[in-house]
Amino acid sequence: MSTLTQSPAWQALEAHRKAMAGAGIAQLFSADPQRCGNFSLQLGELLLDYSKNLVTAETIKLLVALARARGVGDQMHRMFNGEKINSSENRAALHTALRGEQAVPVDGADVMPQIRATLKRMRQFSDGVRAGGITSHGGRKFTDVINIGIGGSHLGPALATHALAPYASPALRVHFVSNVDGAALHRTLASLDAATTLVIVASKTFTTQETLLNARSVRDWLDQSLGNGAGIGNHLAAITANTQLALDFGIAEARVFPFWDWVGGRYSLWSAVGLPVALAVGMDNFEQLLSGARTMDDHFRNAPFEKSMPVILALLGVWYNDFFGAASHAILPYDESLALLPAYLQQLDMESSGKRVTRDGEPVDYDTGAVIWGAPGTDAQHSFLQLLHQGTRLIPADFIAACQPHHALGQHHEVLMANFFAQTAALMNGAPAAGAAHDAFPGNRPTNSILVEKLTPRALGLLLALYEHKVFVQNTIWGINAFDQPGVELGKRLAARILPELAGGDPVTAYDASTNGLIDFYKTHR
Ligand code: F6P
């Protein structure tokens with residue numbers, strides 16, 4: 001047994017879980033008329049109601065004791081203070097500094113001056129492009145931006161640009177291409193005029209195969225459309241932690257926006273990786289996004305664990321994951337603007353938490369990351385929510401919505417919100433069979449409800465930082481490294497090995513029989 005599962009805090013939770021067998025959330029409400037107030041937290045415009053969970057005050061007490069026993073407070077301070085908590089890569093994890101205000105030293109040097117300098121350059125560039133001071137080769141105002149990047153260099157800016165569309169200028173459309181599937185790039189380029197298109201290549205390493213291939217293809221497109229080489233530099237920018245490779249690619253130094261090895265890809269939205277967001281909605285709004293995240297950082301640093309939103313969300317995650325065997329967690333934004341949130345959180349959570357050895361290299365004997373998935377409501381109600389209501393599995397879910405919409409379309413928002421409230425109530429309360437057994441709803445399905453007043457840039461910052469810190473707390477409890485991703489390397493290496501084998505028609509024998517057979521079928525039928 002690991003030190004975690006042997007620990008008194010863990011054992012106490014095991015015993016408590018057994019003692020809670022048969023407990024019903026609805027009954028917990030009957031027993032405590034103040035439950036909603038007692039099990040909800042507010043931070044400015046953000047409300048977290050976690051009362052519809054299978055927890056009592058005793059559960060929270062025991063979970064908080066676990067967080068303390070696992071050194072969550074110490075590890076949090078180490079993160080904020082720039083210590084190299086990403087042990088396998090010997091790096092700090094300082095995404096909080098990107099939206100912070102205080103000096104933080106890494107290797108003896110304060111990181112804030114370079115952060116501020118980059119923010120200033122982002123402002124000059126985004127203001128210039130938006131106002132028309134920075135123009136295309138032919139002196140025309142840019143109408144379109146393509147962000148080429150993948151994973152952390154794509155998901156955050158794509159989510160934020162989509163979510164903040166009500167704040168965007170209609171005069172500058174921002175497109176995202178991530179997949180190496182040429183269909184994605186082809187479709188985007190087909191609708192654009194190279195003469196007024198700005199291309200951003202976003203890659204922390206500037207070595208990612210998909211991004212570089214897409215970037216080369218776009219560079220060729222610019223070349224051909226603008227006339228061999230003429231001024232394509234005006235149409236290119238890069239965001240990277242590897243400036244030299246961006247320069248080698250042909251991007252002018254003045255157009256390279258840096259970030260640093262102490263920013264993990266999936267935590268990089270707050271860095272220059274947010275440049276497409278600034279182009280879309282303006283730098284003031286991007287800074288509002290940062291300010292929302294900073295407010296959540298301050299809350300995380302200062303609130304006692306019992307009152308800390310990220311800690312509570314994380315503890316509930318551990319509770320269901322490790323004590324109820326819940327293998328997945330659903331993210332259900334009742335807001336089309338947050339349609340990309342499940343995909344963003346998939347990378348944030350699953351790339352961080354998909355680990356099976358501790359930071360010390362010991363195999364774990366408990367479950368770590370859950371499968372994160374989801375889709376916006378009410379669409380989700382007409383596809384997979386059936387399984388949450390009546391299936392055999394326990395799937396905790398986060399319902400997320402804004403009280404005020406960004407549109408004035410009659411009754412739509414009231415109908416949307418009525419469904420939000422109805423779903424969480426139905427999942428908790430269930431209903432007896434009106435007739436046949438298949439009509440019965442067992443209820444007792446846990447949910448968190450997260451409401452913001454309005455989905456402003458600030459509110460989005462609060463929300464995303466909430467999930468970042470949730471993931472951090474969970475991984476600290478599990479003793480795993482939230483900031484590396486060695487698991488993605490094997491497939492990359494193998495793809496590089498297979499690629500040359502796709503040339504020519506000879507049968508392939510180097511792999512297992514299934515892989516050989518698939519490659520041969522592809523070669524015969526392509
Ligand atoms: O393959 C996973 C990954 O390394 C992610 O962690 C990262 O966000 C993504 O690839 C893109 O990497 P880069 O920004 O270096 O192109």
Side-chain angles (χ1 to χ4, degrees), residues 85-95 98 118 122 146-161 176-181 184-185 199-219 236-249 251 256-277 340-355 369 372 464 467-468 471-472 475 480-499:
I85 59 170
N86 177 356
S87 46
S88 65
E89 298 178 331
N90 193 30
R91 290 173 181 167
L94 261 185
H95 43 288
L98 297 168
T118 304
M122 287 169 69
I146 312 175
N147 188 79
I148 308 271
I150 198 163
S153 299
H154 161 72
L155 290 162
L159 158 70
T161 303
F176 290 87
V177 176
S178 56
N179 202 323
V180 77
D181 182 347
L185 184 59
V199 176
I200 299 174
V201 183
S203 174
K204 179 177 172 183
T205 54
F206 227 82
T207 59
T208 303
Q209 183 192 42
E210 295 94 324
T211 299
L212 288 185
L213 182 53
N214 278 328
R216 282 194 293 271
S217 298
V218 177
R219 193 178 53 188
L236 287 172
I239 301 162
T240 187
N242 195 337
T243 300
Q244 188 54 51
L245 289 185
L247 299 179
D248 295 348
F249 186 84
I251 298 175
V256 179
F257 295 85
F259 65 113
W260 306 277
D261 68 358
W262 40 261
V263 183
R266 54 191 174 274
Y267 299 87
S268 65
L269 167 64
W270 325 99
S271 71
V273 168
L275 183 62
V277 186
L340 301 179
L341 184 66
Y344 172 81
L345 293 182
Q346 276 174 334
Q347 189 201 12
L348 175 66
D349 198 322
M350 293 165 79
E351 213 174 58
S352 300
S353 313
K355 315 284 164 65
I372 304 296
L464 300 185
Y467 278 102
E468 281 182 349
V471 169
F472 171 79
N475 289 2
I480 59 179
N481 184 351
F483 300 107
D484 63 1
Q485 58 287 325
V488 297
E489 294 306 321
L490 177 60
K492 284 189 196 171
R493 285 200 295 274
L494 207 47
R497 204 176 128 202
I498 289 174
L499 182 61

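Worth saying up front: this structure is predicted, and the values here are computed from it rather than measured. Counting convention: from 1, in listed order, for ligands and their atoms alike.
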Minimum-distance protein heavy atom relative to atom 15 (O) of ligand 1: Thr205 OG1, 2.6 Å

Considering Gly487, Gly264, Gly152, Ala202 one by one, which has a heavy atom nearer to atom 8 (O) of ligand 1 than any of the others? Gly152

Quick note on ligand 1: atoms under 4.0 Å from a heavy atom of Thr208 include exactly 12 (O), 13 (P), 15 (O), 16 (O)

Should you measure from each heavy atom of Gly151, which atoms of ligand 1 turn up under 4.0 Å away? 8 (O)

Distance from atom 2 (C) of ligand 1 to nearest protein heavy atom, with residue and atom: Glu351 OE2, 3.3 Å

Would you please classify the geometry between the His154 ring and the Phe176 ring as parallel, tilted or perpendicular, with 30° and 60° separating the classes? perpendicular

For Tyr344, what residues pass the side chain to side chain donor-acceptor pair (under 3.5 Å) criterion, not counting sequence neighbours? none

Which residue and atom name correspond to the protein heavy atom nearest atom 11 (C) of ligand 1, and how close is it? Ile150 O, 3.2 Å

Looking at Phe483, I'd like to know if the NZ or CZ of Arg91 sits under 6.0 Å from its six-membered ring centre while staying within 45 degrees of the ring's axis. no

Within less than 4.0 angstrom of ligand 1, does Lys492 place any heavy atom? yes

Pick one of side chain, backbone, both or neither for how Lys204 approaches ligand 1, counting any non-hydrogen atom pair under 4.0 Å. both

For Val488, the atoms of ligand 1 under 4.0 Å from one of its heavy atoms are 1 (O), 2 (C)

Look at ligand 1 and say whether Gln347 reaches it with a heavy atom at a distance under 4.0 Å. yes

Supply the atom-to-atom distance Thr161 OG1 to Leu340 CG, rounded to the nearest 0.5 angstrom. 9.5 Å

Looking at CD1 of Ile372 and CG of Asp349, how far apart are the two atoms once the value is rounded to the nearest 0.5 Å? 4.0 Å

Could you work out, with side-chain contact (heavy atoms from CB on, under 4.5 Å) as the rule, every residue matching Asp181, not counting sequence neighbours? Asn179, Ala183

How long is the straight-line distance from OH of Tyr467 back to OG of Ser352, given to the nearest 0.5 Å? 14.5 Å

